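Just so you know, these numbers come straight off a predicted model, no measurement behind them. Letters go in sequence order (proteins before strands), and every chain restarts at 1.
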There are 2 protein chains.
Amino acid sequence: MDKNIHYVYTNTDQEEVARLLSKYDLTTICVLNDQHCLIGIVTADDVLDILTEEATEDIHKMSGIIPTDGSYLKTGTKEMVKSRISWLLILMISATFTGYILQYFEDKLSAVAILSASIPIIMSTAGNAGAQSSTMVIRGIAVDDLSINDIFIVLRKELFVGLLCGAILFITNFIRLFIFGSKNTTFNISLVVSLTITISLVSANIAGGVLPLLAKKLKMDPASAAAPLITTIVDATSLIIYFMLAIVILKI
Amino acid sequence: MDKNIHYVYTNTDQEEVARLLSKYDLTTICVLNDQHCLIGIVTADDVLDILTEEATEDIHKMSGIIPTDGSYLKTGTKEMVKSRISWLLILMISATFTGYILQYFEDKLSAVAILSASIPIIMSTAGNAGAQSSTMVIRGIAVDDLSINDIFIVLRKELFVGLLCGAILFITNFIRLFIFGSKNTTFNISLVVSLTITISLVSANIAGGVLPLLAKKLKMDPASAAAPLITTIVDATSLIIYFMLAIVILKI
């Protein structure tokens, strides 16, 4: 007879129940009330549905969707608008800051026309890198693989991964611009663009890795607090890096 | 005695096993070999780990990460670079097309300086809308809620949700630009920017909803085939819409 009985309470979070069943390979777990009396059991098959639902919720939150009950087909248009509009509005307003940065450096942009053509590549690369690192860390937190205590490990790993990926993208991009680019793309312009990509990739990786852990530490939900905002933060940072490097290297 | 016994074969996909256990609320399922002989069982607690792993894989793929075995902490730097670099490169190269579009309309941009300041807001809003709809549909496909047969329902729903969200963002953005914007922001400029946001939001919603279903139909993985590319497609489309509207309404 197994004397080591696992149990949960009526107010235990359903994710915790799933985690216990999964961790100890149980097919059932006892449920106790506040007076430690057995009032029922939860079976592993109940938990299958819960895990799927929780994963769906996390996935939705990471893309700036407030989770809704029910499936795509069962969710009405009005409810779907409600679940999407808040983040669309918040992110639209926060993107105006990126716009102000562009506006602020307007004269630099017109001084070297070729600079504006590289803005999408810089912003999208940094955004993708930020999404990659934040996704890995947010999911790591969700499956109890990462906690705030690992912040320095995450920091170091994202730094190295960022530097390595950044080096590869630097070379690819430099070749693309300097060798295959138009005649106006000088060595220095190629250098500014490629260097911006590398630096903003590293900062995006670090921001994406650290912000979800900080959100968790501040008792916020990493998926909804960190993920949708990271792109905006990363967009603004990479543009500032771009113009700073352009001012220093191109002396504009 | 229950005569309605559920079973799977040795080569049944683990996701399918999970789906059956979850659907029929089973705690165990029989496993048969090719000769229909019982060779073992799978219990619901085994499937808990599988479901969690599969969800992690899907989440990673949607952010352009090639899934790795093992947790964040256990994955080495080299392996992590490998899992991230391909999509970073593919998306960096595809973002050059967005750059070419900007370059092509360079003279229009310099004619009305205020136009470039709104590029981040347009691209990020469309990108966010595309991420929202593609996320919902990709997850819907993963949990067997959506299939290619639902494509017209998805199309209609994304159209209506897009139009409603687009209308709200149109009003917010028009007020922001025309009432609170600088003196240079005329009625027509505010109209061009706000209209671009609405139209590119609707197209992003539709692209995000339809592309994963088409990927599935073409036997490709919706998460890795559709999700990372949608931002690039949506970026390019929204810039083209922007310049077309600017040419027509501002007569530049």
Side-chain angles (χ1 to χ4, degrees), chain A residues 18 21-22 25-27 43-45 47-49 51-52 55-56 59-60 63-65 71-73 77 80-81 84-85 88-89 91-92 95-96 98-99 102-103 106 110 113 116-118 120-121 124-125 128-129 131-132 135-136 139-140 143 145-146 153 157 160-161 164-165 168-169 172 235, chain B residues 18 21-22 25-27 43-45 47-49 51-52 55-56 59-60 63-65 71-73 77 80-81 84-85 88-89 91-92 95-96 98-99 102-103 106 110 113 116-118 120-121 124-125 128-129 131-132 135-136 139-140 143 145-146 153 157 160-161 164-165 168-169 172 235:
Chain A
L21 283 162
S22 169
D25 289 331
L26 309 170
T27 48
T43 55
D45 62 287
V47 173
L48 289 178
D49 305 333
L51 271 185
T52 308
T56 302
I59 291 171
H60 283 181
S63 297
I65 303 162
S71 70
Y72 183 94
L73 295 174
T77 307
M80 220 172 245
V81 170
R84 298 191 194 179
I85 194 71
L88 282 177
L89 277 170
L91 295 173
M92 186 180 84
T96 53
T98 321
L102 270 188
Q103 217 165 359
E106 197 86 62
S110 41
S116 64
S118 290
I121 210 172
S124 89
T125 305
N128 294 329
Q132 286 183 332
T135 298
M136 287 197 111
R139 185 61 185 165
V143 298
D145 178 35
L146 287 174
I153 303 175
K157 194 168 263 180
F160 283 126
V161 172
L164 277 168
C165 289
I168 298 170
L169 293 197
T172 321
D235 277 355
Chain B
L21 281 163
S22 167
D25 290 329
L26 309 170
T27 50
T43 56
D45 61 290
V47 173
L48 289 178
D49 305 332
L51 271 185
T52 307
T56 302
I59 291 172
H60 283 181
S63 296
I65 303 162
S71 69
Y72 183 93
L73 295 175
T77 306
M80 221 174 244
V81 170
R84 298 190 195 181
I85 194 71
L88 282 178
L89 278 171
L91 295 174
M92 186 180 85
T96 54
T98 321
L102 269 188
Q103 221 167 355
E106 197 87 62
S110 42
S116 64
S118 289
I121 212 174
S124 88
T125 304
N128 294 328
Q132 287 183 332
T135 299
M136 288 196 109
R139 186 61 184 163
V143 299
D145 178 35
L146 286 175
I153 303 175
K157 196 170 262 181
F160 282 127
V161 172
L164 277 168
C165 288
I168 298 171
L169 293 197
T172 321
D235 278 356

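Both the backbone and the side chain of A:Thr125 come within contact range of chain B, with heavy atoms under 4.5 Å apart. Contacts of B:Ala129 with chain A are made by both backbone and side-chain atoms, with heavy-atom separations under 4.5 Å. Looking at A:Val143, the atoms closer than 4.5 Å to chain B (heavy atoms on both sides) all sit in the side chain, from C-beta outward. When heavy atoms are compared at a cutoff of 4.5 Å, B:Arg139 approaches chain A solely by way of its side chain, counted from C-beta outward. Residue contact with chain B, scored on non-hydrogen atoms closer than 4.5 Å, involves the backbone of A:Ala18 exclusively.
A 4.5 Å side-chain heavy-atom check between A:His60 and B:Gln132 finds every atom pair outside the cut-off. In this structure the side chain of B:Ile59 reaches within 4.5 angstrom of the side chain of A:Ile59, judged on heavy atoms. Two residues are said to be in side-chain contact when any heavy atoms from C-beta on lie closer than 4.5 Å; A:Met92 and B:Ile168 fail this criterion.
The choice from A:Thr135, A:Leu21, A:Leu102 that makes the most heavy-atom pairs within less than 4.5 Å of chain B is A:Thr135. Of the listed residues (B:Thr77, B:Val161, B:Leu164, B:Leu91), the greatest number of heavy-atom pairs within a distance under 4.5 Å of chain A belongs to B:Val161. For the set B:Thr52, B:Thr56, B:Thr172, B:Ile153, the count of heavy-atom pairs under 4.5 angstrom toward chain A peaks at B:Thr56. Annotation: maximal heavy-atom pairing with chain A below 4.5 Å, among B:Thr96, B:Asp235, B:Thr43, occurs at B:Thr96. For chain A, the option among B:Val47, B:Leu146, B:Thr27 with the highest count of heavy-atom pairs below 4.5 Å is B:Leu146. Contact tally against chain B (heavy-atom pairs below 4.5 Å) for A:Asn128, A:Leu73, A:Leu89: the top residue is A:Leu73.
When the side-chain hydrogen bond (donor to acceptor under 3.5 Å, both in side chains) test is applied to A:Thr98, no partner is found at least two apart in sequence or on another chain. Listed by chain and number, the residues in a side-chain hydrogen bond (donor to acceptor under 3.5 Å, both in side chains) with B:Ser116 are A:Glu106 (sequence neighbours excluded).
Taking all atoms of both residues into account, the shortest heavy-atom contact from B:Val81 to A:Cys165 is CG1-SG, 3.9 Å. In plain terms, the two heavy atoms of B:Ser124 and A:Ala95 that are nearest each other are OG-CB, 3.3 Å. Between A:Asp145 and B:Tyr72, the shortest heavy-atom contact is OD2-N, 2.9 Å.
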B:Leu169 vs A:Leu88, side-chain contact (heavy atoms from CB on, under 4.5 Å): CA-CA, chis, key distance, verdict: CA-CA 8 Å; B:Leu169 293 197; A:Leu88 282 177; 4.2 Å; yes
What's the verdict on side-chain contact (heavy atoms from CB on, under 4.5 Å) for B:Asp25 and A:Asp49, showing C-alpha distance, side-chain angles and the deciding distance? CA-CA 9 Å; B:Asp25 290 329; A:Asp49 305 333; 4.2 Å; yes
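Looking at B:Lys157, its side chain never comes within 3.5 Å of a backbone N or O of A:Met80 through a donor-acceptor pair.
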